[in-house]
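Heads up, the thing below is written out as structure tokens.
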Amino acid sequence: MPELPEVEGVVRQIRPVSIGKKIEAVTVSDIIRLSKANGKEAIIKRMEADRFVDSLTGAQIVRVERRSKYIYFTLRKDHEFLLVNHLGMSGAWFYVDQLQSIPEDKFRRHVHVILTLSDGNLLAFSDIRRFGEMRVLQEEAEFPPLLLMAPEPFEPGAREHFLAIAESAKYQNKAIKELIMDGQIISGCGNIYATEALFKTKIHPKRAARRISRRRKVELFESIVAILLESIEAGGSTISDYRNINGESGSMQDRFGMYGKKQCMVCGTMTKTLKIGGRASVYCPTCQK
DNA sequence: AAATCAGTCCGGTGGC
DNA sequence: TGCCACCGGACTGAT
């Protein structure tokens with residue numbers, strides 16, 4: 001499941017191989033075309049497949065940036081516009097000379113959008129579960145939820161943004177895990193890193209926001225930032241489907257203290273799992289209070 | 001009015 | 001072995 005560190009890794013790799021190049025051709029898979037023909041919003045959102053292809057074909061890639069878990073491709077034809085991509089659960093980009101070069105069959109089988117670049121190579125978007133998203137936007141404001149995202153966690157102000165919301169009236173009774181996984185409160189932190197940060201700071205995932213002192217909230221926020229940075233350094237976490245653009249896995253999963261564990265790495269207690277905000281939340285009943 | 005809930009995009013996986 | 005319920009980021013629309 002790609003969260004901020006995985007998306008950051010992908011963006012850092014896509015940048016040097018794509019900036020300044022032109023998108024010579026765009027291919028959308030028959031499966032996506034069929035889904036869209038049946039009225040589904042599969043991967044390509046709010047746009048016909050043909051119009052999506054037309055929009056991107058001939059554009060030059062000007063910038064590639066990460067915002068929260070989204071990838072923003074700034075493209076230029078006669079004017080600049082955006083291709084905004086979310087990897088969803090299983091989205092992955094591969095930079096290859098041909099599709100056959102994508103290392104694993106399970107990714108090769110689910111390639112849905114192919115950008116042929118002016119260097120002759122391909123940027124191929126594979127998405128096993130099709131929870132990924134592609135949107136062509138003239139400007140960010142065309143998709144309003146993008147404007148509501150919390151500041152980047154490494155930006156000054158992100159911590160104050162988190163504290164202000166976490167201490168506002170309507171969130172007082174909410175479980176802390178729901179808050180830190182909410183992209184409008186903290187950007188880029190999903191289930192994995194939320195689980196790890198709560199474990200590291202010994203906070204029970206269901207603890208109400210108002211039952212956590214400011215000092216511990218600050219500690220939690222700083223822990224999230226540190227874990228996100230550590231994961232970027234480790235090349236992200238590969239649980240099952242995350243790969244970088246060369247098909248390589250990350251190694252952050254080897255450093256997990258809690259996510260996916262049956263037993264606490266610190267005290268040996270059997271871990272417990274709760275459903276919080278609809279998501280499975282694993283924690284240690286001894287260490288986390 | 002606001003908060004909550006189900007629905008949407010799916011294939012892989014685990015349990016029986 | 002084969003089937004089927006369940007899972008999940010994040011938005012959207014309904015209640």
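Note that the structure is predicted; figures quoted are calculated from it, not measured. Residue numbers begin at 1 in each chain, while the letters A, B, ... track the order of the sequences.
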Distance, rounded to the nearest Å, where A/I276 contributes CD1 and C/dG9 contributes C1' | 17 Å

Taking OP1 and OP2 of B/dT8, is either one under 4.0 Å from a side-chain nitrogen or oxygen of A/R129?
-> no

Are any of the side-chain nitrogens in A/R135 or A/E142 under 4.0 Å away from the carboxylate oxygens of its partner?
-> no

If we only count heavy atoms from C-beta on, is the A/S90 to A/F131 side-chain gap below 4.5 Å?
-> no

Can you tell me how far P of C/dG8 sits from CZ of A/R279, to the nearest Å?
-> 8 Å

Closest-nucleotide 5' rank along DNA chain B - winner of A/K106 and A/K174 = A/K174

Aro-ring/base stack A/F131-B/dC9, d under 5.5 Å, angle under 30° | yes

Determine: side-chain N/O of A/K40 to OP1/OP2 of B/dG7, distance under 4.0 Å, yes or no.
-> no

A/F107 CZ - B/dG12 P separation (whole Å) = 11 Å

Can you find a side chain N or O atom of A/Y193 that sits less than 4.0 Å from OP1 or OP2 on C/dG9?
-> no

Show your reasoning for whether ring-ring contact (aromatic ring centres under 6.0 Å, His included) applies to A/H112 and A/F125.
-> CA-CA 6 Å; A/H112 291 304; A/F125 182 72; 8.0 Å; no

Whole-Å gap separating P (B/dG12) and CD (A/E104) | 13 Å

Please state whether the phosphate of B/dC10, meaning OP1 or OP2, lies under 4.0 angstrom from any side-chain nitrogen or oxygen of A/S35.
-> yes

At under 4.0 Å, does any side-chain N or O of A/K170 touch on OP1 or OP2 of B/dA2?
-> no

A/I43 CD1 - B/dT8 C1' separation (whole Å) | 14 Å

Residue mapping more 5' on DNA chain C - nearest nucleotide basis, A/M89 or A/L146 = A/M89

Could you tell me whether A/E3 and A/K69 make a salt bridge, using a distance below 4.0 angstrom between a side-chain N and a carboxylate O?
-> no

For atom CD1 of A/I44 and atom P of C/dC11, their distance in whole Å | 19 Å

Select one nucleotide: of B/dT4, B/dG12, B/dC10, the one nearest the side-chain heavy atoms of A/R130.
-> B/dC10

Can you tell me how far P of B/dT8 sits from CD of A/E133, to the nearest Å?
-> 16 Å

According to a strict under-4.0 Å criterion, is A/K69 in side-chain N/O contact with OP1 or OP2 of C/dA10?
-> yes

Looking across every strand, which nucleic acid part, if any, lies under 4.0 Å from A/G278 by heavy atom: base, sugar-phosphate, or nothing?
-> sugar-phosphate

B/dC10 phosphate, OP1 or OP2: any side-chain N/O from A/H110 under 4.0 angstrom?
-> no

Counting side-chain heavy atoms from CB outward, which of C/dT12, B/dC9, B/dT4 is closest to A/A42?
-> B/dC9

Are any of the side-chain nitrogens in A/R66 or A/E152 under 4.0 Å away from the carboxylate oxygens of its partner?
-> yes

Within the structure, does a side-chain N or O atom of A/H86 lie under 4.0 Å from either OP1 or OP2 of C/dA10?
-> yes

Assign A/K275 to base, sugar-phosphate, or nothing according to its heavy-atom contacts below 4.0 angstrom with the strands shown.
-> sugar-phosphate

Distance check: side-chain N/O of A/K45 vs OP1/OP2 of C/dC11, anything under 4.0 Å?
-> no

Establish whether A/Y242 and A/M252 are linked, either directly or via other cluster members, by ILVMFWY side-chain heavy-atom contacts under 4.5 Å.
-> no

Please state how far atom CD in A/E41 lies from atom P in B/dC10, giving the value in whole angstrom units.
-> 10 Å

When we call it a touch if two heavy atoms are under 4.0 Å apart, what does A/R46 touch: a base, just sugar-phosphate, or nothing?
-> sugar-phosphate

